[in-house]
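Chain naming here is simple, since letters A, B, ... match the order of the sequence lines and numbering starts at 1 in each. Because the structure is a prediction, the values reported are computed rather than measured.
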2 protein chains.
Amino acid sequence: MSANARETLIDVTQDLLWERGYAATSPRAILDRAGVGQGSMYHHFSGKEALAVAAFERSASATFATAAAVLNGPGSAVERIGGYLRLQREVLRGCPIGRMAADTDVLESAALQTLLADTFDRIRDLLVEVLADGVERGELRPGTVPGELADTVLAVVQGGYVLARAAGDPAPFERATRGALALLEA
Amino acid sequence: MSANARETLIDVTQDLLWERGYAATSPRAILDRAGVGQGSMYHHFSGKEALAVAAFERSASATFATAAAVLNGPGSAVERIGGYLRLQREVLRGCPIGRMAADTDVLESAALQTLLADTFDRIRDLLVEVLADGVERGELRPGTVPGELADTVLAVVQGGYVLARAAGDPAPFERATRGALALLEA
DNA sequence: GTCTATACAACGATAGAC
DNA sequence: GTCTATCGTTGTATAGAC
């Protein structure tokens, strides 16, 4: 629990956005879990959307930082991609970023949609760089298009979350990422 | 427009589930678009969930049939997988099946969750069969694990939808599927 | 079988006291 | 800066006329 209401509200909203999405997260649910009054929320934020933006910014930064740590880390290109594919945790909770793309209210909010698009763009840029390195060093086939394969890698992870949640079982995520890595290592 | 209220309700609910998901689709919205009274809905269905089940069953059958037509069709294994990857349409609307996995209310409904899981299982079975054929015929590397690669293919499609919707642009879907197909053809 | 009227809770936001 | 009280709207469902 944070020291002040503002921080507590952001923390709780991060959790609820991850668990329930944006549309299904009510101010009431946030306030109940945070243990603060309604007035505090409307004092610190103009409304539900502004609070969601603050919370989503934090989640996006954290997710990007985790990806960057692996992708800018040591190892060959294929090892770093493998590290990224194996990085994902809490598969059944879904991706805190990708989850938002299913929420129509998110796509209708200019601020949230931009944040969502930018976050994937930034992770994609990291992947493109690693894959271009891999081609240059001869780790990957000469014909490989980094700008396509980066989206393939991102999609396997995002789709893995979808399949795992649909099945109620992390196994499809594990299989999907293993299958992708096997193709890359071939 | 269908002849009777029951059919009209199912048709409209299919559309709204695709557009807005389950939680965000209210009976009121369905009735408004269908142009029928509230009494008709509660006469034919026990409530929102039962109507959603009827609608989702139809969408799932249609999606499965489309996949089966390509995957059980003519051509080599890689050609059929390529056909499946290229099959997807209306990328920005998202996948009518995969979309449901992001909706917490769907996962909390036994009937809807089972329908969702079964639909992916059935498509996965088709993919496993095609890929096993491909290994047998020597189209794919001997070390290939059909049970993993099937999830990879499914995940690329589902993740492609997520990335495209996040970007507000079908391009990431196209890149992701092209990148996957390039790996398979190598 | 279809309709309108109504019920009651939860939604997002505002008012105003402390 | 935080609280409670309240507003108007929408959520899902029921009642009962036709």
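- For A:Glu129, the salt bridge (charged side-chain N to carboxylate O under 4.0 Å, His left out) test picks out no residue, with sequence neighbours left out.
- Atom CE in B:Met41 sits about 15 Å away from atom P in D:dA15, given to the nearest Å.
- Partners of A:Ser40 by side chain to side chain donor-acceptor pair (under 3.5 Å), not counting sequence neighbours: none found.
- In the helix from C:dG1-D:dC18 to C:dC18-D:dG1, the rotation axis of the first five pairs and that of the last five pairs differ in direction by 10°, rounded to 10 degrees.
- When the nucleotides C:dG12, D:dT2, D:dA13 are ranked by their closest atom to the side chain of A:Ala5, D:dT2 comes out on top.
- With sequence neighbours left out, the side-chain contact (heavy atoms from CB on, under 4.5 Å) criterion links A:Ser76 to A:Val78, A:Glu79, A:Glu139.
- Nearest to the side chain of B:Tyr42, among D:dC3, D:dA13, C:dG12, sits D:dA13.
- Protein atom NE2 of A:His43 is 14 Å distant from nucleotide atom C1' of C:dC18, rounded to whole Å.
- Rounding to whole angstrom units, CD of residue A:Glu7 and C1' of D:dG1 are separated by 15 Å.
- When the side-chain contact (heavy atoms from CB on, under 4.5 Å) test is applied to A:Thr144, the partners found at least two apart in sequence or on another chain are A:Val135, A:Leu140, A:Arg141, A:Leu149.
- Using a 4.5 Å cut-off between side-chain heavy atoms of Ile, Leu, Val, Met, Phe, Trp and Tyr, B:Leu51 falls into a hydrophobic cluster with B:Leu9, B:Ile10, B:Val12, B:Leu16, B:Ile30, B:Leu31, B:Val36, B:Met41, B:Tyr42, B:Phe45.
- C:dG1 atom P lies 7 Å from atom NE2 of B:His44, rounded to whole Å.
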Could you go over nucleotides 4-10 of chain D and give all protein N or O partners under 3.5 Å, atom names and distances?
| unit_1 | atom_1 | unit_2 | atom_2 | d |
| --- | --- | --- | --- | --- |
| D:dA5 | N6 | A:Gln38 | OE1 | 3.3 |

List the atom pairs, with distances to 0.1 Å, where a side-chain N or O of residues 64-75 of chain A and a protein N or O form a donor-acceptor pair under 3.5 Å, not counting sequence neighbours.
| unit_1 | atom_1 | unit_2 | atom_2 | d |
| --- | --- | --- | --- | --- |
| A:Thr66 | OG1 | A:Ala62 | O | 2.9 |

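- Among the atoms of the strands shown, only primed sugar atoms or phosphate atoms (P, OP1, OP2) are found under 4.0 Å from some heavy atom of B:Thr25.
- Under a 4.0 Å N-O distance rule, the pair A:Arg137/A:Asp133 qualifies as a salt bridge.
- For A:Phe173, the ring-ring contact (aromatic ring centres under 6.0 Å, His included) partners two or more places apart in sequence, or in a different chain, are A:Tyr161.
- Whole-Å rounding puts the B:Leu16 CG to D:dG11 P distance at 11 Å.
- Across the protein-nucleic acid pair, A:Phe45 atom CZ and C:dA13 atom C1' stand 16 Å apart, rounded to whole Å.
- Ranked by how close their nearest DNA chain C nucleotide is to the 5' end, A:Ala23 and B:Gly35 are led by B:Gly35.
- At a threshold of 4.5 Å between side-chain heavy atoms, the hydrophobic network of Ile, Leu, Val, Met, Phe, Trp and Tyr places A:Ile97 and A:Leu126 in one connected group.
- Checked against C:dG12, D:dT2, D:dT12, the side chain of B:Lys48 finds its nearest nucleotide in D:dT12.
- Rounded to an integer number of Å, the gap from CG of A:Leu31 to P of D:dG1 is 17 Å.
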